[in-house]
2 protein chains.
Amino acid sequence: MTDSTVVPLQALKVSCSNCTLRELCLPLGLNREEMTRLDAVIRQSRRLKRGEALFRNGEGFKSLYAVRTGFFKTCISSQDGREQVTGFHMSGELMGLDGISANVHGCNAVALEDSEVCELPFSRMQNLALEIPSLQHHFYRLMSREIVRDHNVMMLLGNMKAEERLAAFLINLSQRLTVRGFAANDFILRMSREEIGSFLGLKLETVSRTLSKFQQQGWIAVDHKHIQLEQPEQLKQLVAGCANAHPTPNH
Amino acid sequence: MTDSTVVPLQALKVSCSNCTLRELCLPLGLNREEMTRLDAVIRQSRRLKRGEALFRNGEGFKSLYAVRTGFFKTCISSQDGREQVTGFHMSGELMGLDGISANVHGCNAVALEDSEVCELPFSRMQNLALEIPSLQHHFYRLMSREIVRDHNVMMLLGNMKAEERLAAFLINLSQRLTVRGFAANDFILRMSREEIGSFLGLKLETVSRTLSKFQQQGWIAVDHKHIQLEQPEQLKQLVAGCANAHPTPNH
DNA sequence: CCAACGCTTTGACCAACATCAAGGCTTACT
DNA sequence: AGTAAGCCTTGATGTTGGTCAAAGCGTTGG
């Protein structure tokens, strides 16, 4: 066991400059002095338990949040209670961009496992961005990337069949996990079938059935939330036709 | 007839400061000096004929474009040729935000009628935003608004039935036209049934049938592209249940 | 002015996915 | 450890919207 006084100290130390997510998250091409100023603005990280909401639709918007560890969903709901999951978010990804427009959070962000986030007070970030051009530019790029992502989801929801949607979903998860150093073809789903369905515009039974179908074809192995991609090429092939003809590189 | 030398002069004069779209478009809360600097950056407007592309997916990104007059669609297409319309754009609305992330345009923008746009060279806008905080903030808000809009489209595509989608579409068009001083309940569709269907995730036959159904119920009158909303309250009621429970105000 | 093309409407039929329902398994709580 | 609740799977059936086809109407270009 580690000395118990050491762990909390490490946990409290929040700085972009020595964050392992540096490559994924905000800072890009900042010099040491700029990085220090950024560190000064990032608020201490906040821990959430599974099921806990980071922010809720309609609450005042003050900050963006970057996932340090864990997994989140963001969702909106309609007057009569239909829920639409707008995204799943893992380490290094930013949440809350939709709150800027009206100074009110535009969705709910809920932790799907015990998680930790960095808080980025938006008005202070804005001021810093005025003084660090590359930070301003990076913010524009992040927001633009979210727009591109959303457009790809529109293509998925508007034009793709159930099997294609689910294949695209699995491949996308796999790729994002790979970037973070996790296994590409063996992972645990953090969300329920219903949440997958909500994101993909399908009912939970269809998600379940389609996973079973993939399994019968030997493409994947499903054991509840444990998924193994046994023939990821087959999944990729299924998605190839409906993929964006001009895919946007991520960086 | 107006003296022919006067008209071109007026047409060439492009400035935000005396633009009738001032309220809808970019400048918000700028003083006179800031407005002048903005005017210096905005490039002369460009005219497009119906069917002409303003930019295409994959082309280098240099500028954002604001619609002055006319009507546009933006769309992406998949490798195997499926097309997804990601939005329709009318005067005062900005196009091209999805190009920032990769320095490459992320969609095609096509004029659906003879149109005119202002070109906003992005790098010069960025520099100006560094010096005019309210301009920087306004850009963030515009991008955030696009994200909110996209999330609402996801709700539409993921959770709504054909009738609800079409009603939402008509109501949305009506409201945007109203803001611009046009009749709320009597307008010409600039896009084809197929383009409406692509945006709404429906086939053109379904769009046509659903319009006919609305007409039979006496809610609307359809004469080809000429639409009259005779009982807009009925359409609104149809959409009420599936509307965002926490609608984001536009300003 | 006519012909050709594109867009729209409508009908008949069909397929994909949703809905309803039941049973098994896992997890969480006491 | 026992029990209840939630999640997942699978089957049977139903419905919405897609597909295929044909005909009408408008518009455009020669």
Side-chain angles (χ1 to χ4, degrees), chain A residues 49-52 73 80-85 110 112-114 156-170 188-217 220-227 238 242, chain B residues 49-52 73 80-85 110 112-114 156-170 188-217 220-227 238 242:
Chain A
K49 279 178 295 193
R50 183 150 87 98
E52 204 178 337
K73 70 168 176 181
D80 61 6
R82 292 177 243 184
E83 180 174 292
Q84 176 70 37
V85 171
V110 178
L112 295 182
E113 61 177 330
D114 294 356
L156 182 144
L157 292 171
N159 276 304
M160 288 164 63
K161 296 198 185 302
E163 293 191 12
E164 294 169 336
R165 295 184 198 191
L166 205 40
F169 171 74
L170 292 173
I188 306 290
L189 296 176
R190 255 59 233 220
M191 70 296 280
S192 70
R193 302 289 192 263
E194 186 168 17
E195 286 161 336
I196 297 174
S198 171
F199 180 60
L200 298 179
L202 302 169
K203 294 296 161 185
L204 69 97
E205 294 95 330
T206 304
V207 173
S208 181
R209 267 186 252 274
T210 308
L211 285 175
S212 299
K213 197 181 295 178
F214 286 168
Q215 180 164 235
Q216 275 160 30
Q217 287 168 300
I220 68 175
V222 184
D223 175 26
H224 301 277
K225 308 222 155 183
H226 180 196
I227 304 284
L238 190 54
C242 35
Chain B
K49 278 178 292 192
R50 183 150 86 99
E52 203 178 339
K73 71 170 176 180
D80 60 7
R82 292 178 243 185
E83 180 174 292
Q84 176 70 37
V85 171
V110 178
L112 296 182
E113 60 178 331
D114 293 356
L156 181 143
L157 292 171
N159 276 303
M160 288 165 62
K161 296 196 185 303
E163 292 191 11
E164 294 169 336
R165 295 184 198 191
L166 205 41
F169 171 74
L170 292 172
I188 306 290
L189 295 177
R190 256 57 235 218
M191 69 296 280
S192 70
R193 302 289 191 262
E194 186 168 18
E195 286 161 337
I196 297 173
S198 171
F199 180 60
L200 299 178
L202 301 170
K203 293 295 162 187
L204 69 97
E205 293 96 329
T206 304
V207 172
S208 180
R209 269 187 251 274
T210 308
L211 286 175
S212 299
K213 198 182 294 178
F214 286 167
Q215 180 164 236
Q216 275 159 30
Q217 287 167 302
I220 69 176
V222 184
D223 175 27
H224 301 277
K225 308 226 157 183
H226 179 197
I227 303 283
L238 189 54
C242 35

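Here is how names work: the chains are called A, B, and so on, in the same order as the sequence lines, proteins then strands, and each is numbered from 1.
- Partners of B:E164 according to the side-chain contact (heavy atoms from CB on, under 4.5 Å) rule, which considers only residues two or more places apart in sequence or in another chain, are A:R82, B:M160, B:K161, B:L238, B:C242.
- The line from CG of B:L200 to CZ of B:F169 is 6.0 Å long, rounded to the nearest 0.5 Å.
- Judged as a side-chain contact (heavy atoms from CB on, under 4.5 Å), and not counting sequence neighbours, the contacts of B:H226 are B:D186, B:I188, B:D223, B:Q228.
- Between the side chain of B:Q84 and the main chain of B:S198, a donor-acceptor pair closer than 3.5 Å is present.
- Nearest-nucleotide mapping onto DNA chain C: of A:H224 and A:R209, the residue sitting toward the 5' end is A:R209.
- Sorted by first and then second residue, the salt bridge (Lys or Arg N to Asp or Glu O under 4.0 Å) pairs involving residues 193-216 of chain B (not counting sequence neighbours) are B:K73-B:E195, B:E163-B:K213.
- Under a 3.5 Å cut-off, the side chain of B:D114 and the backbone N or O of B:K49 do not form any donor-acceptor pair.
- Taking the side chain as every heavy atom from C-beta outward, B:L170 and B:L211 approach each other to under 4.5 Å.
- Between B:T206 and B:T210, the closest heavy-atom pair is O-OG1, 2.6 Å.
- Minimum heavy-atom separation, B:V110 to B:G51: CG1-O, 3.7 Å.
- If you take CD1 on A:I196 and OG on A:S208, they are separated by 9.5 Å, rounding to the nearest 0.5 Å.
- Among the protein residues, A:R50 comes within range of the sugar-phosphate backbone only, with heavy atoms under 4.0 Å from sugar or phosphate atoms but none that close to a base.
- Comparing the helix axis at one end of the helix from C:dC1-D:dG30 to C:dT30-D:dA1 with that at the other, each defined from 5 consecutive pairs, gives an inter-axis angle of 60° (nearest 10°).
- When heavy atoms are screened at a 4.0 angstrom cut-off, A:K213 is found touching no nucleic acid atom at all.
- Note that CD1 of B:I220 is 6.5 Å distant from CD of B:Q215, once rounded to the nearest 0.5 Å.
- The closest side-chain heavy-atom distance from A:R165 to A:L157 is below 4.5 Å.
- For A:E113, the salt bridge (charged side-chain N to carboxylate O under 4.0 Å, His left out) partners two or more places apart in sequence, or in a different chain, are A:R190.
- The stretch residues 200-208 of chain B touches DNA chain D through B:G201, B:L202, B:K203, B:E205, B:T206, each having a heavy atom within less than 4.0 Å of the strand.
- Of all nucleotides in DNA chain D having an atom under 4.0 Å from a heavy atom of chain B, the first and last in 5' to 3' order are D:dG17 to D:dC20.
- Residue whose closest nucleotide on DNA chain C sits further toward the 5' end, between A:D223 and A:K161: A:K161.
- First and last contacting nucleotides of DNA chain C toward chain A (any atom under 4.0 angstrom from a heavy atom, 5' to 3' order): C:dC17 to C:dA28.
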